[in-house]
Number of protein chains: 2
Amino acid sequence: MRTDAAKNYNRIVDVARSVVAEHGVDASLRDIARQADVGFATLLRHFPTRDALLEALLRAGFDDLAAQATSADSSQDPALALAGWLREFVTCAARYRGVVELMTSALDDAESALHASCAAMRAAGGGLLARAQEAGAARSDLDATGLFALAGAAAWLHSQPALTEHADALAALITNVIFENQTKAA
Amino acid sequence: MRTDAAKNYNRIVDVARSVVAEHGVDASLRDIARQADVGFATLLRHFPTRDALLEALLRAGFDDLAAQATSADSSQDPALALAGWLREFVTCAARYRGVVELMTSALDDAESALHASCAAMRAAGGGLLARAQEAGAARSDLDATGLFALAGAAAWLHSQPALTEHADALAALITNVIFENQTKAA
DNA sequence: ACCTGAACACCGTTCAAGT
DNA sequence: ACCTGAACACCGTTCAAGT
């Protein structure tokens with residue numbers, strides 16, 4: 001990449017970060033290009049689709065999540081490792097409005113620019129879940145997708161402006177379900 | 001209302017039902033007007049805002065929810081009454097994509113055409129919750145908004161196409177939290 | 001009273017032309 | 001190689017004109 005192109009690329013990403021922070025994942029791409037002092041077609045050249053631009057904003061967080069899961073060695077307490085991962089997941093998924101929906105639909109759409117990193121992240125979480133299940137610290141009727149769904153619901157709650165009041169406590173109620181050891185009969 | 005106006009009104013609502021079912025709450029209003037064989041400005045005349053049109057689609061369900069809660073007399077088991085209300089809530093909120101977000105933001109925005117019916121519904125659910133709490137059948141650290149938030153998270157999960165696989169079971173895990181009787185110390 | 005077309009300012013996409 | 005303006009088909013809003 002030429003240095004002038006790199007400069008445009010970085011300026012677009014910087015501006016996108018602040019515009020998406022304000023307007024959510026549906027923010028106007030044209031507006032981002034304007035604020036970045038770049039022709040709109042130039043933005044499209046660097047990021048041919050909305051998902052591609054959002055991927056640039058979110059990839060770092062996703063990679064951290066995957067790394068955090070795989071680096072947790074067997075000496076660490078499985079329940080604590082999973083709990084830390086969940087906290088990070090919610091922070092990451094609630095950063096911008098609409099990210100959770102983006103992630104779940106990206107899992108279903110192999111064409112999305114976000115598919116690979118989301119799938120990797122789900123698999124990594126699944127590994128942490130399996131270890132916690134073996135230790136008897138997590139409910140046994142969950143798989144990686146179930147973990148993702150519950151963590152996503154918690155992140156959704158956390159990302160609703162009208163619910164911020166007690167979002168931390170309420171989201172914790174949801175993630176706590178994961179650690180339930182179901183003993184009572186159905 | 002003149003009879004020709006009433007005919008237009010009904011045709012718009014009918015078409016909107018099917019278009020919103022397909023495209024979610026962000027469906028194109030212009031497209032709805034076209035399919036209803038009505039000038040776009042006519043649609044705006046009947047429904048000056050998107051919320052006003054969606055309110056026409058959703059009001060019946062909301063009213064049912066409020067009625068269901070107030071009609072539950074004291075002879076009924078409080079836990080069963082609340083459980084039934086929650087089931088209805090999720091069905092209603094997951095009917096179209098985006099409804100849950102619409103409801104939570106309407107609660108925060110007194111100007112929204114949906115504000116009144118959503119607030120009434122939340123209050124009605126709060127009444128059922130209070131009775132269940134008195135009977136010791138629901139956790140005591142929840143209020144009407146907390147109930148709404150958890151039910152909303154369950155409905156969110158239910159409305160994600162990528163999660164339909166086990167949506168019923170996972171959403172039930174979330175709503176079950178409401179009936180937990182927290183006994184262990186913090 | 002109620003309906004409607006036209007004008008407007010936006011959006012995302014595409015493409016031919018510029019350095 | 002990389003950038004850009006212009007044309008296009010959409011969107012929601014407003015308003016002056018029709019019956």
Side-chain angles (χ1 to χ4, degrees), chain A residues 1-57 96-99 101-102 105-106 109 111-114, chain B residues 1-57 96-99 101-102 105-106 109 111-114:
Chain A
M1 183 143 54
R2 268 175 17 187
T3 66
D4 57 338
K7 224 168 70 176
N8 279 339
Y9 181 98
N10 290 326
R11 204 167 45 233
I12 291 170
V13 171
D14 283 345
V15 171
R17 226 179 284 278
S18 83
V19 174
V20 171
E22 189 179 351
H23 297 287
V25 298
D26 293 325
S28 158
L29 300 181
R30 222 176 181 114
D31 191 33
I32 292 172
R34 258 192 304 263
Q35 291 195 37
D37 271 315
V38 158
F40 181 47
T42 303
L43 184 146
L44 270 303
R45 152 171 277 277
H46 283 289
F47 306 101
T49 167
R50 179 182 294 274
D51 279 6
L53 175 56
L54 293 170
E55 200 250 359
L57 300 186
Y96 309 109
R97 250 173 306 146
V99 174
E101 289 80 0
L102 203 69
S105 75
D109 173 18
E111 304 302 310
S112 164
L114 288 152
Chain B
M1 181 143 54
R2 270 176 14 190
T3 65
D4 56 338
K7 224 169 71 175
N8 279 339
Y9 181 97
N10 290 326
R11 203 167 46 233
I12 290 169
V13 171
D14 282 347
V15 170
R17 226 179 283 278
S18 83
V19 174
V20 170
E22 188 179 352
H23 297 289
V25 297
D26 293 324
S28 158
L29 301 181
R30 222 176 181 115
D31 191 31
I32 293 172
R34 258 192 304 263
Q35 290 195 38
D37 271 315
V38 158
F40 181 46
T42 303
L43 184 146
L44 270 303
R45 152 172 275 277
H46 284 288
F47 306 100
T49 166
R50 179 183 295 274
D51 278 7
L53 176 55
L54 293 170
E55 199 249 358
L57 299 187
Y96 309 109
R97 249 174 305 148
V99 174
E101 290 80 0
L102 203 69
S105 75
D109 173 19
E111 304 301 310
S112 164
L114 289 152

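Atom CZ in B:Phe47 sits roughly 15 Å away from atom P in D:dG12 (whole-Å rounding). Rounded to whole Å, the distance from NE2 on B:His23 to P on D:dC11 is 10 Å. Taking atom CD1 of residue A:Ile32 and atom P of nucleotide C:dC10, one finds them 16 Å apart after rounding to whole Å. One atom, CG of A:Leu53, and another, P of C:dC11, lie 15 Å apart when rounded to the nearest Å. Protein atom NZ of B:Lys7 is 14 Å distant from nucleotide atom C1' of C:dC2, rounded to whole Å.
A tilted orientation is assigned to the rings of B:Phe47 and B:Tyr9, their planes being inclined by 30° to 60°.
With C:dC2, C:dG12, C:dT4 as the candidates, the nucleotide lying closest to the side chain of B:Val38 is C:dT4. When each of C:dC11, C:dT4, D:dC11 is scored by its nearest atom to the side-chain atoms of B:Arg34, the top-ranked nucleotide is D:dC11.
Side-chain contact between A:Lys7 and A:Thr3: absent, with no pair of heavy atoms (C-beta onward) separated by less than 4.5 Å.
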If you write DNA chain D from 5' to 3' in dot-bracket form, with Watson-Crick or G-U pairs under 3.5 Å, [ ] for crossing pairs and | for pairs with another strand, what do you get? ||.|||||...|||||.||
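The closest donor-acceptor contact from the side chain of B:Arg50 to the backbone of B:Val25 lies under 3.5 Å.
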Letter per nucleotide, 5' to 3', of nucleotides 13-19 of chain D [B base touched, S only sugar-phosphate touched, - untouched; heavy atoms, 4.0 Å]: B-B----
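The phosphate of D:dC2 has neither OP1 nor OP2 within less than 4.0 Å of any side-chain N or O from A:His46. Note on A:Ser28: a side-chain N or O is less than 4.0 Å away from OP1 or OP2 of C:dG12. Dashed line: the shortest gap from a side-chain N or O of B:Asn8 to OP1 or OP2 of C:dC3 is under 4.0 Å.
Here the CD atom belonging to B:Glu22 is positioned 8.5 Å from the CZ atom belonging to B:Arg97, to the nearest 0.5 angstrom.
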